[in-house]
Amino acid sequence: MISRGYFCWLVAVVAMVLASAQIGLKAEALDDELRAVRAAQEAERDRIRVLRASYAHLTAPDQLWPLVARHLELAPVRGDQIVKMADLPKRQPKLRPGSEPRISPDVDLSPRVRAWPHEPRIPPSNPPWLKADNDLRLQPVSLTRQNKVIRND
Amino acid sequence: MTDANSSAPLFAYAAQAERVSYGNFHEPLRRPRGPQRWRLAAAGAIFATAFAVVAGNLMLNAAPRTVSPAIAASLPEGGGREFTPRASIVDRNGELLAYSLPFASLYANPQEVRDATAVVDQLQQLLPSLDRQRVMAALANQNREFAYLARHVTPSQHAAVLDLGIPGLYFRKEYRRIYPQGSLTAHAVGVVQEDHRDGLSGIEAFLDPELVSAPEIPQDLSIDLRVQHVVREEVQRAIDKFDAIGGLGVMMDVTTGEILASVSLPDFDPNRLDTLTDESRINKVVGGRYELGSMFKLITAAAALDTGTASEVTQFDATHSLRVYGHRIADFRGENRWLTLREVLVHSSNIGAARMAEQVGTDTLVGYFDKFGLLGKAAVELNESAGPLLPKRWHDINAMTASFGHGISVTPVQFAAAAGALVNGGYLRRPTLFQMPPGSMTESARVISDQTSARMRRLMRAVVVEGSGKAANSRFYQVGGKTGTALKAEAGGYSDEKRLSSFVGAFPMDKPRYVVLVTVDEPKGRKDTLGFATGGWVAAPAVGQIVDRTGPMLGIPKSKPGADKAKGLQTVAVRVER
């Protein structure tokens with residue numbers, strides 16, 4: 001008769017062998033999958049390498065400059081086109097036509113305006129795209145950038 | 001009773017037999033002794049070993065199977081660097097200059113190829129450049145299992161050969177170095193051997209170990225591809241215009257030591273090493289040693305000003321040619337009068353420079369040559385960097401002729417660095433081909449005072465405004481510089497016709513940032529230059545064009561009118577001192 005302890009050991013050993021075999025098979029399958037993924041990754045990397053080299057070759061100055069000269073009406077930037085921000089003239093903000101302030105006829109601002117001892121001025125803290133009218137009301141004005149009107153209101 | 005008595009021994013026997021046959025499992029095991037004990041230990045060891053093997057296999061199966069690049073790189077012949085990419089080399093804006101691309105290489109196992117002639121016939125239709133005789137010989141050698149048939153075939157050729165389905169033919173992936181910019185950066189970047197092995201020249205050779213060991217880290221050069229293109233185009237234009245045999249151009253940032261452009265012409269296509277000739281092989285910027293002529297007067301003047309030997313208005317006798325130790329020193333177009341130091345530079349007087357050297361003293365002048373890095377090898381990161389050619393002993397006559405650039409040959413990159421020190425406040429920066437981190441610079445040493453540097457800026461500006469370098473003036477930037485025309489040394493003396501025409505310029509002169517040096521080799525005079533082919537006619541216009549075109553690329557705003565006056569660069573009325 002086989003004792004219970006020996007039987008348990010036998011079962012454990014068989015189970016371990018089966019488990020290790022299964023782990024081995026799983027690892028092999030994963031290894032194959034990993035190799036396939038790596039091969040695909042490597043192939044993709046190679047394709048990217050070729051594309052990058054082709055792009056670099058096609059955009060090389062020796063390639064581009066003759067094409068630009070032949071097909072485009074562009075010229076290289078000149079030295080007098082490079083300016084510092086400090087050299088730019090200050091832009092005079094303008095009101096858009098039809099965007100004049102609408103003041104309710106019920107509001108009488110004249111006493112307050114009269115109370116000012118001097119000519120009202122634009123407070124220096126105002127951002128440049130806001131302009132104050134004589135009533136010290138800040139008016140949004142349009143900014144033109146690249147032929148596109150950006151409306152603040 | 002009898003039966004009962006007779007059965008007793010039977011049971012006793014059965015019980016004994018059972019004990020003998022199967023053992024008594026309910027009794028505790030006796031401790032094994034003697035040989036039995038050793039047998040058990042041996043069996044245990046065998047089982048333990050077997051389990052260890054199983055566990056080890058399990059771990060090996062689970063672990064990834066890769067070969068490290070370092071191991072792959074160290075493999076012997078036929079299994080090395082061609083299988084791993086080298087690190088890419090890029091310019092300061094990330095544009096690719098050198099790159100490793102995977103290619104398929106066709107090889108055969110001659111033992112598996114049945115009809116070699118038919119195979120070669122089929123392959124030759126797809127691979128026209130196939131060397132038939134070599135391939136036939138390779139396939140005929142039945143002792144080998146490997147023979148290259150064609151290296152680095154195109155993807156379409158690869159697919160076409162696969163479609164043939166010829167047994168015994170195989171492909172393997174190999175890397176090949178390609179240079180997308182072609183000849184534009186051939187000398188600075190260099191080349192590698194055709195099988196992607198060792199770097200042969202340029203950065204490829206200098207950085208060979210790093211490029212192989214860290215293929216994922218691109219190496220950033222200080223070269224700016226746009227600037228390199230402009231410099232090459234302008235130098236080539238000067239070469240073509242004056243029917244010269246070659247030329248060079250170098251542009252350096254005087255605040256950091258970075259070289260933005262390094263051009264040596266004629267050049268070659270690094271993708272096709274068969275275009276390499278003896279003349280195009282030399283990187284003239286770092287490997288060529290030239291007598292640069294009158295540009296050396298700048299160093300002489302700086303030494304005179306820095307030592308206090310002379311001021312800008314000190315006068316030197318240039319009324320007639322100078323005879324020293326049997327040698328005659330004369331001017332190209334003599335003014336035949338006393339000249340101030342400033343006029344010596346503006347009119348490029350050899351006599352004046354020699355007189356200046358005489359006053360400064362041979363030892364002091366040579367000491368300044370040394371301080372400006374002209375007596376040693378430029379420490380630029382290229383193996384082909386050469387040292388100067390100097391007189392064996394510095395006699396007075398050697399110093400006097402060297403004061404105007406004769407009898408001393410230096411590399412252009414050395415002189416560009418020295419010119420940078422003249423205008424950047426007096427610091428000699430080590431020229432480098434690698435991009436410096438923002439806010440940093442290469443090692444530097446003070447060679448002249450800040451005040452001397454300011455005076456030199458003023459003098460260099462005067463040369464362009466009213467002297468021999470007028471053609472270097474830019475439409476938008478204030479340029480300062482100095483022309484140089486040197487007769488080429490030949491066996492037994494100097495040639496009467498072959499010359500080297502140069503110009504070294506700096507811009508913008510109110511706050512110099514870049515130095516440009518252009519040299520044209522053996523230019524010939526033209527009708528529209530009145531037969532002249534001097535530095536002022538040949539190289540100065542090229543520098544002016546380079547400044548005009550590269551300034552905006554580098555974000556340099558146009559020089560303001562009067563900026564030179566604000567910085568004390570204006571040409572002043574000369575006070576005569578006798």
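The closest donor-acceptor contact from the side chain of A:Arg49 to the backbone of B:Ser100 lies under 3.5 Å.
In terms of heavy-atom pairs under 4.5 angstrom with chain B, the leader among A:Asp80, A:Val50, A:Val77 is A:Asp80. Contact tally against chain B (heavy-atom pairs below 4.5 Å) for A:Ser54, A:Pro76, A:Ala21, A:Ser20: the top residue is A:Ser20.
Salt bridge absent: A:Arg78 and B:Asp548 never bring a charged side-chain N and a carboxylate O closer than 4.0 Å. Using a 4.0 Å cut-off between charged side-chain N and carboxylate O, A:Asp62 and B:Arg232 make a salt bridge.
Partner A:Pro61 forms a side-chain contact (heavy atoms from CB on, under 4.5 Å) with one of B:Arg226, B:Gln181, B:Glu233 and no other, that one being B:Gln181.
Annotation: A:Lys26, atom NZ; neighbour count of heavy atoms from other residues, nucleotides and ligands within 6.0 Å does not exceed 12. Sparse packing is recorded around CD of A:Gln22, with 12 or fewer heavy atoms of other residues, nucleotides or ligands lying under 6.0 Å away.
Separating the OH atom in A:Tyr55 from the CD atom in B:Glu95 is a distance of 7.0 Å, to the nearest 0.5 Å. In this structure, OH on B:Tyr99 lies 15.5 Å from NE2 on A:His57, to the nearest 0.5 angstrom.
In this structure, the side chains of A:Ile82 and B:Lys558 stay at 4.5 Å or more apart for every pair of heavy atoms. Between A:Asp46 and B:Tyr175, the closest side-chain pair of non-hydrogen atoms falls below 4.5 Å.
The shortest heavy-atom contact between A:Ala56 and B:Pro180 is CB-CB, 3.6 Å. Across all their heavy atoms, A:Gly79 and B:Pro552 have their closest contact at N-CG, 3.4 Å.
Both the backbone and the side chain of A:Arg52 have a heavy atom closer than 4.5 Å to some heavy atom of chain B. Both the backbone and the side chain of B:Leu225 come within less than 4.5 Å of a heavy atom in chain A. For chain A, no part of B:Tyr179 is nearby; none of its heavy atoms comes within less than 4.5 Å. For A:Ile23, the parts sitting under 4.5 Å from any heavy atom of chain B are the backbone and the side chain alike.
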